[in-house]
Novice: 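To start, I am sharing the structure in question, which I have written as structure tokens.
Residues take their numbers from the sequence shown, with the count starting at 1.
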Amino acid sequence: MVLIHYTAMASAQAACNTLCDPQKQVSAHYVVAEDGQITALVPEDLRAWHAGAGRWGGVTDVNSHSIGIELANNGTSPFAAPLMDALCDLLTGIMQRWDIRPERVIGHSDMAPGRKIDPGPRFDWRRLALEGLSVWPVAGQADPSDFAAMMRAFGVTATDDPDLLLDTFRRRFRPWAQGPLDAIDAGLIADLARRFPVDGLTRTD
């Protein structure tokens, strides 16, 4: 997998300093600065300490199964255009080298609901999907009672809490939606679960 984070720090250099401090016990494979500069900190074939506790599908040790990318962003501002351009180039190479499918590019909040919120509602997941670097749902409606099951089928297995599941979903796919779970949420996740089942060997487009 590839895991997308934001740094929530003053600068990319500040993030690099933290990630290279042994006493912090945190690391990542890459840091992407606002101007698009990419700093490689850990070789892709080695384990970095970026994910922490969480789960995606049947994977409980996400650190051992993922490449972590930290994006220089404070969590509330738009992501800089040069940063996004560089990220897309970086993801293209990683996914080709490791044969990673688009649905295996996820956010930190996807595998750690309630504990992590990055890369946050300002991150442009739709752009990544349009470039074949992640996934995006097709609009539709479905029975909201199936929402939790469809979230598990898509990969969100770290929580069964209904409020956390909805928050996690909307943070990535409907960031400005408000109110209770509805048929639109259910339709979107049903489409994702059908086309991109987390542990499925085949997909139908």
Side-chain angles (χ1 to χ4, degrees), residues 1-6 51 54-59 62 65-67 69 71 73 75 78-79 83-85 87-88 90-92 94-95 99-205:
M1 292 182 286
V2 178
L3 206 61
I4 305 295
H5 309 256
Y6 61 53
R55 183 184 179 110
W56 184 253
V59 177
V62 177
H65 294 81
S66 63
I67 292 172
I69 302 176
L71 306 178
N73 184 274
F79 287 76
L83 179 152
M84 290 299 299
D85 292 343
L87 172 63
C88 289
L90 178 60
L91 280 173
T92 298
I94 291 171
M95 294 169 71
D99 193 25
I100 295 173
R101 303 191 306 271
E103 60 266 34
R104 304 294 283 192
V105 178
I106 66 172
H108 202 183
S109 58
D110 294 323
M111 53 77 56
R115 187 175 69 84
K116 294 295 180 180
I117 61 173
D118 53 317
R122 305 302 296 267
F123 184 70
D124 193 354
W125 284 107
R126 189 177 180 87
R127 172 180 172 176
L128 263 60
L130 289 171
E131 297 195 24
L133 303 173
S134 190
V135 297
W136 193 260
V138 175
Q141 296 194 19
D143 186 346
S145 67
D146 295 330
F147 183 79
M150 293 299 99
M151 285 287 279
R152 288 192 298 273
F154 179 57
V156 184
T157 54
T159 183
D160 292 320
D161 182 278
D163 293 334
L164 275 181
L165 287 173
L166 180 59
D167 178 72
T168 299
F169 174 79
R170 285 185 172 173
R171 188 177 302 279
R172 178 168 170 183
F173 296 111
R174 291 186 76 194
W176 313 122
Q178 296 182 348
L181 171 68
D182 60 28
I184 296 175
D185 298 307
L188 294 173
I189 190 58
D191 173 70
L192 291 168
R194 177 184 64 82
R195 291 191 292 136
F196 308 108
V198 66
D199 295 321
L201 299 178
T202 60
R203 297 177 296 162
T204 56
D205 295 323

Novice: For the backbone of Ala51 and the side chain of His108, can you confirm whether one donor and one acceptor N or O come within less than 3.5 Å of each other?
Specialist: yes
Novice: Could you go through Arg152 and Asp199, starting from their C-alpha distance and side-chain angles, then the distance that decides it, and tell me whether this counts as salt bridge (Lys or Arg N to Asp or Glu O under 4.0 Å)?
Specialist: CA-CA 10 Å; Arg152 288 192 298 273; Asp199 295 321; over 6 Å; no
Novice: To check you understand the geometry: which heavy-atom pair defines the closest contact between Ala148 and Leu165, and what is its length?
Specialist: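 Shortest heavy-atom contact: CB-CD1, 3.9 Å.
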Novice: Ignoring hydrogens and geometry beyond distance, is a side-chain donor-acceptor pair present between Ser134 and Arg172 at under 3.5 Å?
Specialist: yes
Novice: To the nearest 0.5 Å, tell me how far Arg170 CZ sits from Asp167 CG.
Specialist: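 The CZ atom of Arg170 sits 9.5 Å away from the CG atom of Asp167.
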Novice: Given the side-chain rings of Trp56 and Phe154, with only the six-membered ring counted for Trp, is the space between their centroids under 6.0 Å?
Specialist: yes
Novice: Carefully, step by step, assess Val59 and Val198 under the rule side chain to side chain contact (heavy atoms under 4.5 Å, CB included).
Specialist: CA-CA 10 Å; Val59 177; Val198 66; over 6 Å; no
Novice: Answer with yes or no after comparing the ring centroid distance for Trp136 and Phe173 against a 6.0 Å cut-off, counting only values under it.
Specialist: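 Trp136 vs Phe173: aromatic centres under 6.0 Å.
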Novice: Restricting to non-hydrogen atoms, name the atom on Pro119 and the atom on Trp125 that form the minimum distance, rounded to 0.1 Å.
Specialist: CG-CZ2, 3.8 Å
Novice: How long is the gap from CG on Asp124 to CG on Leu130, to the nearest 0.5 Å?
Specialist: 8.0 Å
Novice: Would you call Ile106 and Met111 a side-chain contact if the rule is heavy atoms closer than 4.5 Å?
Specialist: yes
Novice: Does any N or O in the side chain of Arg171 come within less than 3.5 Å of the main-chain N or O of Asp110, such that one atom is a donor and the other an acceptor?
Specialist: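 A pair under 3.5 Å: no.
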Novice: Quick check: does any side chain N or O of Asp191 sit under 3.5 Å from a backbone N or O of Pro137, one acting as donor and the other as acceptor?
Specialist: no
Novice: If you measure from CZ on Phe169 to CG on Leu188, what distance do you get to the nearest 0.5 Å?
Specialist: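 Reported value, rounded in 0.5 Å steps: 4.5 Å.
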Novice: Using a 3.5 Å distance criterion without hydrogens, assess whether the side chain of Ser66 forms a donor-acceptor pair with backbone atoms of Met1.
Specialist: no
Novice: Minimum heavy-atom separation for Gly120 and Tyr6, please, with both atom names.
Specialist: N-CE2, 4.0 Å
Novice: Tell me, with the steps shown, if Arg174 and Asp182 meet salt bridge (Lys or Arg N to Asp or Glu O under 4.0 Å).
Specialist: CA-CA 12 Å; Arg174 291 186 76 194; Asp182 60 28; 3.1 Å; yes
Novice: State the CD1-CD distance between Ile184 and Gln141, to the nearest 0.5 angstrom.
Specialist: 5.5 Å
Novice: Ignoring hydrogens and angles, state whether a donor on the side chain of Thr159 or Asp161 is under 3.5 Å from an acceptor on the partner side chain.
Specialist: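 No, Asp161 and Thr159 have no side-chain donor paired with an acceptor closer than 3.5 Å.
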Novice: Run through Leu91, Val135, Ile67, Leu133 and flag the one making a side chain to side chain contact (heavy atoms under 4.5 Å, CB included) with Val105.
Specialist: Leu91
Novice: Quick check for you: to the nearest 0.5 Å, what is the distance between Leu87 atom CG and Leu71 atom CG?
Specialist: 5.5 Å
Novice: Give the minimum heavy-atom separation between Val156 and Pro113, together with the two atoms involved.
Specialist: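 Of all heavy-atom pairs spanning Val156 and Pro113, the closest is CG1-CG, 4.1 Å.
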Novice: Treating Arg55 as the side-chain partner and Gly57 as the backbone partner, does any N or O pair qualify as donor plus acceptor under 3.5 Å?
Specialist: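 Yes; judged by distance alone, with no hydrogens or angles, the pair exists.
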Novice: Side chain to side chain contact (heavy atoms under 4.5 Å, CB included) for Leu192 and Met151? Distances and angles first, verdict last.
Specialist: CA-CA 9 Å; Leu192 291 168; Met151 285 287 279; over 6 Å; no
Novice: Report the distance from atom CG of Leu3 to atom OG of Ser109, rounding to the nearest 0.5 Å.
Specialist: 9.0 Å
Novice: Which atom pair, heavy atoms only, marks the closest approach of Pro144 to Ala183?
Specialist: CG-N, 3.9 Å
